[in-house]
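We name chains A, B, ... by the order of the sequence lines, and we start the count at 1 in each one.
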Protein chains: 2
Amino acid sequence: MTQITSEQGLLIGEISRRTGVNIETIRYYERIEVMPKPKRSEGGQRLYNESQLNRLGFIKRSRELGFSLKEICNLLTLVDSGEMTCSEVHDLTVEHLRDVRHKIADLRKLERALKNLAAQCSLGDVSDCPIVETLYGLS
Amino acid sequence: MTQITSEQGLLIGEISRRTGVNIETIRYYERIEVMPKPKRSEGGQRLYNESQLNRLGFIKRSRELGFSLKEICNLLTLVDSGEMTCSEVHDLTVEHLRDVRHKIADLRKLERALKNLAAQCSLGDVSDCPIVETLYGLS
DNA sequence: CTTGCACCTGTAGCTGCTACAGGTTTTATT
DNA sequence: AATAAAACCTGTAGCAGCTACAGGTGCAAG
């Protein structure tokens with residue numbers, strides 16, 4: 001039970017386990033300055049506090065919602081500086097929602113196209129495949 | 001009217017224009033061997049024929065349908081070798097269709113989550129933002 | 001006091017492009 | 001025939017968002 005070192009802070013493995021974010025990814029976040037540099041133990045190991053843990057959780061959830069690291073970064077910078085209005089965050093969310101809906105619409109078009117394509121030949125003929133022909137535009 | 005050089009073949013700019021694939025991308029496709037090396041003019045410029053043009057079109061349309069270059073590569077290799085069955089292509093398409101549907105389902109979950117998030121605060125309060133709180137998990 | 005795990009740094013790889021820099025070839029204009 | 005401008009060439013580096021090493025330390029337990 002190495003992980004907790006509770007007086008000093010949380011080791012990277014522990015916050016990885018708790019947030020579900022890969023250790024390598026956490027170090028990557030630090031490098032690109034989405035996560036702050038944590039303090040270190042005498043031996044040089046990263047020691048995180050609760051607030052850093054929360055921040056990582058925030059990033060994780062935001063990523064799962066499809067926000068880019070850049071967007072998350074902007075958001076966090078706003079939050080950090082206290083210069084953020086709730087309505088700004090709201091707008092960002094709505095904007096992102098629009099993107100997501102757009103993506104869905106695209107994928108549904110794609111779905112229809114693929115369905116049609118597949119329907120054209122479910123019977124496995126030999127080498128004059130309608131799918132290939134359609135894609136090749138030779139028809 | 002440089003582009004056609006019709007006896008020799010089509011210049012890269014011309015097939016780019018006709019297929020809508022970026023010139024840099026065409027050269028990239030050649031490098032990663034999705035497109036074959038075309039013959040060259042005396043001065044070293046790439047000269048394409050109709051079949052290469054069609055192949056590029058195929059790649060373009062397949063990419064638009066969300067197939068990865070690897071998948072397209074596999075497909076083309078099969079087609080090239082004549083060892084392809086229509087049913088194999090069909091299966092590949094159906095498999096891809098499944099992926100697309102999965103992606104759609106994910107995005108719809110995401111859409112719901114974002115909608116809820118946005119609904120929580122449309123009124124722009126100041127600094128205790130429910131979105132941020134939700135994401136931060138501090139609530 | 002050694003085993004063994006968790007940590008460290010730094011670098012390279014992945015996908016699918018795009019964007020240079022710095023040079024040549026071809027075409028068009030003078 | 002000279003020159004300007006467009007289109008081509010090669011090679012390399014960059015983008016997102018990680019992941020995967022290699023090769024080395026820290027640290028606790030047996």
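Taking Arg101(A) as the reference, Glu111(B) meet the salt bridge (charged side-chain N to carboxylate O under 4.0 Å, His left out) condition, with sequence neighbours excluded. With sequence neighbours left out, Glu71(B) forms a salt bridge (charged side-chain N to carboxylate O under 4.0 Å, His left out) with no residue at all.
When rounded to the nearest whole Å, the span between CD of Glu33(A) and P of dG17(D) equals 16 Å. If you take CD1 of Ile59(A) and C1' of dC18(D), they are 14 Å apart, rounded to a whole angstrom. Ile26(B) has its CD1 atom 12 Å from the C1' atom of dC8(D), to the nearest Å. Protein atom CD1 of Ile23(B) is 11 Å distant from nucleotide atom C1' of dA6(D), rounded to whole Å. One interatomic measurement links the two molecules: NZ of Lys60(B) to P of dG16(C), which rounds to 16 Å at whole-angstrom precision. Counting to the nearest Å, the P atom of dA16(D) and the CG atom of Asn74(A) are 12 Å from each other. For the pair Met35(B) CE and dC17(C) C1', the computed distance is 16 Å after rounding to whole Å. Taking atom CG on Leu69(A) and atom P on dC15(D), their separation rounds to 14 Å, with Å as the unit.
Counting only heavy atoms from C-beta outward, the side chains of Gln52(A) and Ile15(A) never approach each other to under 4.5 Å.
For the helix from dC1(C)-dG30(D) to dT30(C)-dA1(D), the rotation axes defined at the first and last 5 base pairs enclose an angle of 20°, given to the nearest 10°.
For the OP1/OP2 pair of dC17(C) and a distance below 4.0 Å, the side-chain nitrogens and oxygens of Asn22(B) include no atom meeting the criterion. For Thr25(A) and dT19(D), the shortest distance from a side-chain N or O to OP1 or OP2 is below 4.0 Å.
The list of salt bridge (charged side-chain N to carboxylate O under 4.0 Å, His left out) pairs with a residue in residues 22-37 of chain B, not counting sequence neighbours, reads Glu24(B)-Arg27(B), Glu30(B)-Arg40(B), Glu30(B)-Arg46(B). Pairs engaging residues 17-63 of chain A under the ring pair (Phe, Tyr, Trp, His ring centres under 6.0 Å) rule: Phe58(A)-Tyr136(B) [sequence neighbours left out].
In this structure, Tyr29(B) and Gln45(A) both approach DNA chain C, and ranking their closest nucleotides by distance from the 5' end singles out Gln45(A).
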Which atom pairs link the protein and nucleotides 9-12 of chain C when you take only N or O atoms and keep those under 3.5 Å?
from   : atom 1 : to       : atom 2 : distance (Å)
dT9(C) : OP1    : Arg40(A) : NH1    : 3.2
dT9(C) : OP1    : Arg40(A) : NH2    : 2.9
dT9(C) : OP2    : Arg46(A) : NH1    : 2.9
dT9(C) : OP2    : Arg46(A) : NH2    : 2.7

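Judged by distance alone, with hydrogens and angles left aside, the side-chain atoms of Ser41(B) form a donor-acceptor pair with the main-chain N or O of Gly44(B) at under 3.5 Å. No donor-acceptor pair closer than 3.5 Å links the side chain of Ser16(A) to the backbone N or O of Ile12(A). With Thr25(B) contributing its side chain and Val21(B) its backbone, the two residues share no donor-acceptor pair below 3.5 Å. Distance alone, capped at 3.5 Å, is enough to place a donor-acceptor pair between the Lys39(A) side chain and the Gln8(A) backbone.
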